[in-house]
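Here the structure is laid out as structure tokens; the discussion comes afterwards.
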Number of protein chains: 2
Amino acid sequence: MKIGELAKIAHCTTETIRFYEKEGLLPEAERTEANYRSYSARHVERLRFIRNCRALDMTHDEIRALLRLTDAPADGCGGINTLIDEHIAHVDTRIDELKQLKAQLTTLREQCHGEQAVEDCGIVQGLTEMDVGATRARHTHLG
Amino acid sequence: MKIGELAKIAHCTTETIRFYEKEGLLPEAERTEANYRSYSARHVERLRFIRNCRALDMTHDEIRALLRLTDAPADGCGGINTLIDEHIAHVDTRIDELKQLKAQLTTLREQCHGEQAVEDCGIVQGLTEMDVGATRARHTHLG
DNA sequence: TAAACACCTTGAAGCCACTACAAGGTCAAG
DNA sequence: CTTGACCTTGTAGTGGCTTCAAGGTGTTTA
């Protein structure tokens, strides 16, 4: 199977696949005589795993850790559970942050109703006068 | 006022301020004889505005648009309202996405309870077998 | 047989909003 | 006169790709 076919199966681009190879997420493929990458069913499985993890917003580091854990069958799946739990915590944190953000934005938005002059616009005043304090530390890799 | 003092007031680093200048968000400062940047109250106000927008997770493009709108007092604040409304919509979209994500992760997590072998781990199976389909288009710049 | 076209190769640069670092200049205090 | 805090410029790194350039390969059609 050539790279384009694999890309279609995995719903991603050929560039992404080559990028995963360079990152060490996907093992290198065999090559044809023409130096084309040639993929097997194991690559399909691995790539699907990676894409699913990405769809769940895991970082490449998290995915690498997960792949290492699944490739070490001796260890059982305790480590896997922990990793997923931590990732769920990231998502939770980010949801809370965004809810707070929305509350702030909604409050700001309510400062201005009509088509008044910019000088009197409560939004502009709010944005100028707010003092948000130090940037809060990041508790999640989710943007 | 030198750059370090401004950075303290605005709760950011000197590098960030120089970066905003290069980006065209913050107007260039006067220079002292020693070629140090020298800032005025107007810079303080502008930088605070920018940092507040960033604290609300606006992109530099959104901030630039907002600054242009506030600098054109003739136009009233309709455009400003629209921009904020759109930004709130971004945040809402992202919250919904993350909630869905959490639901998926929670379902996945429930596939595995104990310390079984990796081969039988429902999480690993889930990650291998899910087929998440095409990556959904981004409706928000929020990560 | 040749041209057109789809596919493949590598490598480098761009995206965003910074952050970090290197190598040096300026200035006040001890 | 040295220490140390501050300033200057420029470059490179972050993550997860995406885009581009310049070319090689392989199949189909005229």
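Quick caveat: nothing in here was measured; it's all calculated off a predicted structure.
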#### Entry: Partners meeting salt bridge (charged side-chain N to carboxylate O under 4.0 Å, His left out) with A:R18 (sequence neighbours left out)
none
### Summary
Overall bend of the helix from C:dT1-D:dA30 to C:dG30-D:dC1 (five pairs an end, 10° steps) is 30°
Please report the distance, rounded to the nearest Å, between [atom1] in [X] and [atom2] in [N].
| X | N | atom1 | atom2 | result |
| --- | --- | --- | --- | --- |
| A:H11 | D:dT18 | NE2 | P | 15 Å |
| B:I17 | C:dA17 | CD1 | C1' | 15 Å |
| A:I3 | C:dC7 | CD1 | C1' | 11 Å |
| A:R18 | D:dT19 | CZ | C1' | 12 Å |
| A:E23 | D:dG16 | CD | P | 8 Å |
| A:I50 | D:dG16 | CD1 | P | 12 Å |
| B:N35 | D:dC6 | CG | P | 19 Å |
| A:L56 | D:dG16 | CG | P | 14 Å |

### Query
Which residue pairs pass the salt bridge (charged side-chain N to carboxylate O under 4.0 Å, His left out) test with at least one member in residues 35-46 of chain A, sequence neighbours excluded?
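Applying salt bridge (charged side-chain N to carboxylate O under 4.0 Å, His left out) to every pair that reaches into residues 35-46 of chain A, excluding sequence neighbours, yields A:E21-A:R37, A:R46-A:D71.
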Do the side chain of [X] and the main chain of [Y] share a donor and acceptor less than 3.5 angstrom apart?
| X | Y | answer |
| --- | --- | --- |
| A:T16 | A:C12 | no |
| A:R48 | A:N52 | no |
| B:Q111 | B:L108 | no |
| A:R109 | A:Q104 | no |

#### Entry: pair A:R51-B:M130: side-chain heavy atoms closer than 4.5 Å
no
### Task
Find out whether B:Y20 and B:I50 are in side-chain contact, i.e. whether some heavy atom of one side chain is under 4.5 Å from a heavy atom of the other.
yes
### Message
I'd like to check the ring-ring contact (aromatic ring centres under 6.0 Å, His included) partners of B:H87; sequence neighbours left out, ordered by chain and number.
### Response
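B:H87 satisfies ring-ring contact (aromatic ring centres under 6.0 Å, His included) with B:H90, B:H141 only.
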### Task
Would you indicate, yes or no, if C:dC8 has its OP1 or OP2 atom less than 4.0 angstrom from a side-chain nitrogen or oxygen of A:R37?
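False: A:R37 side-chain N/O out of range (4.0 Å or more) of C:dC8 OP1/OP2.
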### Message
Can you tell me if A:R31 touches the phosphate of C:dT10, counting only side-chain N or O atoms and a distance under 4.0 Å to OP1 or OP2?
### Response
yes
### Query
Is it true that A:D96 and B:K99 make a salt bridge, defined as a side-chain N closer than 4.0 Å to a carboxylate O?
no
### Query
Any Lys/Arg nitrogen of B:R94 or A:D57 sitting under 4.0 Å from an Asp/Glu carboxylate oxygen of the other?
yes
Collect all protein-nucleotide pairs involving nucleotides 18-21 of chain C in which both atoms are nitrogen or oxygen and the distance is under 3.5 Å.
from   : atom 1 : to    : atom 2 : distance (Å)
C:dC18 : OP2    : B:Y20 : OH     : 2.9
C:dC18 : OP2    : B:R54 : NE     : 2.6
C:dC18 : OP2    : B:H60 : NE2    : 2.9
C:dT19 : OP2    : B:T16 : OG1    : 3.4

Protein and nucleotides 24-27 of chain D: nitrogen or oxygen contacts under 3.5 angstrom:
from   : atom 1 : to    : atom 2 : distance (Å)
D:dG24 : N2     : A:Y36 : OH     : 2.8
D:dT25 : O4'    : A:Y36 : OH     : 3.0

